[in-house]
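Structure, as structure tokens:
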Amino acid sequence: MCVVGGKGEYAKRWRPAPWGNCSQRTRRIAVPSAAAAAASTPKVDDEDLMQFPDRYKWYEAKFAADDMPDWIAGRFISSTQQAPYMRLLTFEVEVSRERVPLRNAYKAAGQRMAVRVNGGEKRLLTVASPPHPEELNKEALFLCKGDIFAGETKQAREPTSTMAEVQVLVNAKEAPEVYNMGADDLITVGPFECEGLDMRSSGIQALFRFPTVVIFASGHGIATAAALLESPLGAPTHLSPTLRSDVRVYYNAPNRTSLCLTDRFEKWEEQLTVEVVATTNGFMDAWDGDDTLVYDPEATAAIILTGGDEEAEAAALEVCKEAEVTAIVSDSQAAAPPVYLDSTPKSFLRWRKDPEAEAMAAAAAAADGNVTSEDLTD
């Protein structure tokens with residue numbers, strides 16, 4: 001036995017010496033108290049918001065219908081035979097901005113409608129009706145703001161539903177299940193694809209620059225022509241035919257029985273002052289045979305709508321070349337995709353740790369010249 005060194009009465013204890021070595025003293029282990037542990041912990045400044053992870057999400061804007069499904073149920077209304085193996089189908093679809101986000105909506109002539117019949121294969125159809133006017137979404141857009149009237153109390157509610165008709169031209173060989181569908185079939189409508197005709201960047205929407213517009217249509221292109229001519233004021237593809245001096249449609253088909261939407265030609269001529277020249281001999285024959293058209297090549301624009309038929313498009317381009325018309329828009333070249341607002345303000349991108357945010361900050365700094373990445377966080 002040996003005496004363990006120390007001071008005080010508690011230090012005088014007898015305990016076996018390790019391995020018989022009475023000269024070795026035991027070591028005291030310093031255990032930090034609770035107060036010392038608290039003092040060593042970094043203090044959290046409640047006023048410093050930068051310490052919280054994903055801080056940028058605090059300031060994200062929530063856009064309308066972003067959490068809604070892409071595919072929404074529609075309803076079959078009617079089917080009309082237009083030509084052999086060609087039918088015009090009418091559907092009722094959801095257009096409320098509280099249920100359909102802007103990026104998925106039908107906005108411009110030339111877009112394609114995505115549908116599934118009875119949960120089957122996805123089909124892209126040519127739309128023959130114009131984009132819906134914004135008046136249909138007046139109530140939905142007001143409710144999206146979350147405003148209330150005096151005396152009202154905010155409470156949870158169901159998103160507003162607004163249904164509208166959409167017409168599509170369907171070929172029996174391209175989409176047989178859509179062509180043959182009836183009232184008992186179920187249809188779901190997905191996001192409208194393509195960005196539509198490039199009317200803005202081409203300059204054709206300038207009325208006084210191009211008072212004369214000629215449209216070359218064939219196949220499904222006549223449906224796109226209908227959507228274009230009937231587009232309401234404010235749509236990206238609004239043509240304003242009544243404000244131009246001359247708007248003509250040269251419609252080519254294999255034979256007279258293959259002409260579609262002929263019941264609209266009289267309406268276009270009376271209400272929109274648009275003349276339709278139907279032919280079965282090609283665009284060049286129709287152009288050369290039209291003696292009533294007086295045009296200035298520099299003040300004339302051409303719109304080619306052939307529904308993807310490269311041979312028909314080449315024939316229309318040949319007419320434009322001979323007529324010396326250089327302002328041309330084609331449905332084979334869609335408009336550039338729009339740039340939608342980002343839900344995160346630029347000043348909070350530094351807390352959004354992902355490659356997309358870093359790329360956006362670098363692009364903004366390069367575009368502004370003297371603005372640095374540090375300035376973006378101020």
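As a basis for the values below, the full set of heavy atoms in this structure was taken, side chains included, without hydrogen atoms, waters or symmetry mates.
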For a quick test of reading the model, state the closest non-hydrogen atom pair linking T300 to A327 and the distance between them.
O-CB, 4.1 Å
Please, which pairs that meet ring-ring contact (aromatic ring centres under 6.0 Å, His included) have at least one residue in residues 207-226, sequence neighbours excluded?
F216-Y250, F216-F283
So, are K122 and E193 salt-bridged, with charged N and O less than 4.0 Å apart?
yes
Linking I/L/V/M/F/W/Y whenever their side-chain heavy atoms sit closer than 4.5 Å, directly or via other members, would L259 and I215 fall into one cluster?
yes
Is there a path of hydrophobic side-chain contacts, each under 4.5 Å between heavy atoms of I, L, V, M, F, W or Y residues, that connects F265 with V277?
no
Does atom CG (D263) have a neighbourhood of more than 12 heavy atoms from anything else shown, all under 6.0 Å?
yes
Is E177 salt-bridged to R123, cutoff N-O under 4.0 Å?
yes
If the threshold is 4.0 Å, N to carboxylate O, is there a salt bridge linking R248 and D246?
yes
If you measure only the distance, is there a donor-acceptor pair under 3.5 Å linking the side chains of T257 and N255?
yes
Pairs of donor and acceptor atoms involving the side chains of residues 312-321, under 3.5 Å and at least two apart or interchain, shall be tabulated with distances.
unit_1, atom_1, unit_2, atom_2, d
E313, OE1, S332, OG, 3.4
E313, OE2, S330, OG, 3.0
E313, OE2, S332, OG, 2.9

Going by heavy atoms in the side chains, are E275 and V249 under 4.5 Å from each other?
no
Taking the basic N atoms (NZ, or NE/NH1/NH2) and the acidic carboxylate oxygens, is any pair closer than 4.0 Å for E269 and K267?
no
For Y106, the other hydrophobic cluster members (4.5 Å side-chain criterion, sorted by chain and number) are F76, L89, F91, V93, V95, M113, V115, V117, L125, V127, V166, V168, V170, V178, Y179, M181, I187, V189, F192
Verify same cluster id: L239, V214 (apolar side-chain graph, 4.5 Å)
no
Residue pair W268, Y251: steps toward the ring-ring contact (aromatic ring centres under 6.0 Å, His included) verdict:
CA-CA 14 Å; W268 292 347; Y251 179 24; 9.0 Å; no
Report yes if the side chains of L169 and I222 come closer than 4.5 Å at any heavy-atom pair, otherwise no.
yes
